[in-house]
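Presented below is the structure to which this report refers.
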There are 2 protein chains.
Amino acid sequence: MDKQPSNTLSRILAYAEQECQARSLRLTPVRRRVLEMLVKHKHPVSAYQLLDELVEEGHKPAPPTVYRALDFLLEQGFIHRLATQNNYVACMHLGARHMGVFLVCKRCKKTVELLGENVRDTLTELADKNQFSLEEALVEVNCLCLPCRRQSEREQP
Amino acid sequence: MDKQPSNTLSRILAYAEQECQARSLRLTPVRRRVLEMLVKHKHPVSAYQLLDELVEEGHKPAPPTVYRALDFLLEQGFIHRLATQNNYVACMHLGARHMGVFLVCKRCKKTVELLGENVRDTLTELADKNQFSLEEALVEVNCLCLPCRRQSEREQP
DNA sequence: GTCTTAAACGTTATATCATAACATACGATA
DNA sequence: TATCGTATGTTATGATATAACGTTTAAGAC
């Protein structure tokens, strides 16, 4: 299972607060709440799932509210978007502007985010060779995690 | 500019026909036409663009027709989907089941597909370390191509 | 040839994801 | 406290994708 120590949430929120201060930006209640929800989830979640949760809490936001919060968090590097799934996930690597590399189990959706520095180097080199300059990259790896691989072997050996 | 020799289209279509025969599958008129349109386009295009073009030709297809053709072509490895852009693009690397690595210029949308074998190796290794087994991967690199980089330097040096 | 069957396609409706446009509220600062 | 930029609320709509079900088509069995 994913380990998520009880202090992870407060650590990430504190980091976000601090970064926003440093950048003269505001971590408003909506933005903070969306980040909080993303950290608490074990798996990537969709914008509309977040919207539903906000509605259950008594807020009555419309889609743009959530998307604006997500856009802000994405810009600041606090979260990532998994484009193949239209899902969003909190970034677990504080302090480093990095390229997200995501291992996603296609069965149980368990997701691991890696820093992938060597992937970045490889891609930068490839881009250079083709006269492109790398700005950023999305690497999503469709996988089976160990338990799911065993499970599927059991089902159809 | 992209080079696309006049025989590329027929080469790709011939390859697709041949592979379908070998796999006992049918490259039906819709599938063939969609593949043809994707090859002819210089840039990745959306499902609804393809739909519009079919309508202009006199067909009256609904969205499922196009999506079914795209799904078939994706499954057979004849095309790729760029998830960050909800776009589809013909595969230019015949004969090899490979991991697509896409360099996409964020200004002009010029797109280059690379085979990226060394990327695959790096990712396989990363996955193994985390007890995931790689099934397939999407690598989209947001770039500036040389002309666009020069252009943007001219605009805001 | 014609019967059977699975695959492909047509069609309607709807689900899902995302943003445009404009009005209102808020917060920093002069 | 007046001002102005930023953030949010609100309504509507655009863009992407699929469910469900009926009909057609192609390929092999007889």
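The chains referred to below are lettered A, B, ... by the order of the sequence lines, with proteins before strands, and numbering in each begins at 1. Keep in mind that the numbers below use all heavy atoms, side chains included, and drop hydrogens, waters and symmetry copies. Everything numeric in this text was worked out from a predicted model, so none of it was measured.
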Spacing of B/Arg32 atom CZ relative to C/dC9 atom P, expressed in whole Å: 14 Å
Side-chain touch A/Val119/A/Leu114, heavy atoms, less than 4.5 angstrom: no
Spacing of B/Asp71 atom CG relative to C/dC9 atom C1', expressed in whole Å: 14 Å
Whole-Å distance separating the CD atom of A/Gln76 from the P atom of D/dT6: 14 Å
Nearest heavy atoms of A/Met37 and A/Glu57, plus distance in Å: SD-OE2, 4.4 Å
Close approaches to DNA chain D from residues 55-70 of chain B, in residue order (heavy atom, under 4.0 Å): B/Pro63, B/Pro64, B/Tyr67, B/Arg68
Check: A/Gln76 main-chain N/O paired with A/Arg23 side-chain donor or acceptor under 3.5 Å: yes
Separation of D/dT8 C1' from A/Leu51 CG (nearest whole Å): 14 Å
Interatomic distance, A/Leu54 CG vs D/dT8 P [rounded to whole Å]: 12 Å
D/dT8 OP1/OP2 closer than 4.0 Å to side-chain N/O of A/Thr28: yes
Donor-acceptor side-chain pairing of B/His98 and B/Glu113 below 3.5 angstrom: yes
Spacing between A/Leu27 atom CG and C/dG27 atom C1', to the nearest angstrom: 15 Å
Intermediate values then yes/no, side chain to side chain donor-acceptor pair (under 3.5 Å), B/His43 and B/Gln85: CA-CA 11 Å; B/His43 304 300; B/Gln85 325 207 107; over 6 Å; no
Exam field: side chain B/Thr65 to backbone B/Pro61, donor-acceptor pair closer than 3.5 Å: no
Between C/dC9 (C1') and B/Arg33 (CZ): distance, integer Å: 18 Å
Touch class at under 4.0 angstrom, heavy-atom based, for B/Phe72 against every strand present: nothing
N/O (side chain, B/Asn86) to phosphate O (OP1/OP2, D/dA15) under 4.0 Å: no
5′-ward residue of the pair B/Arg26/B/Gln85 relative to DNA chain D: B/Gln85
Separation of C/dA18 C1' from A/Leu74 CG (nearest whole Å): 13 Å
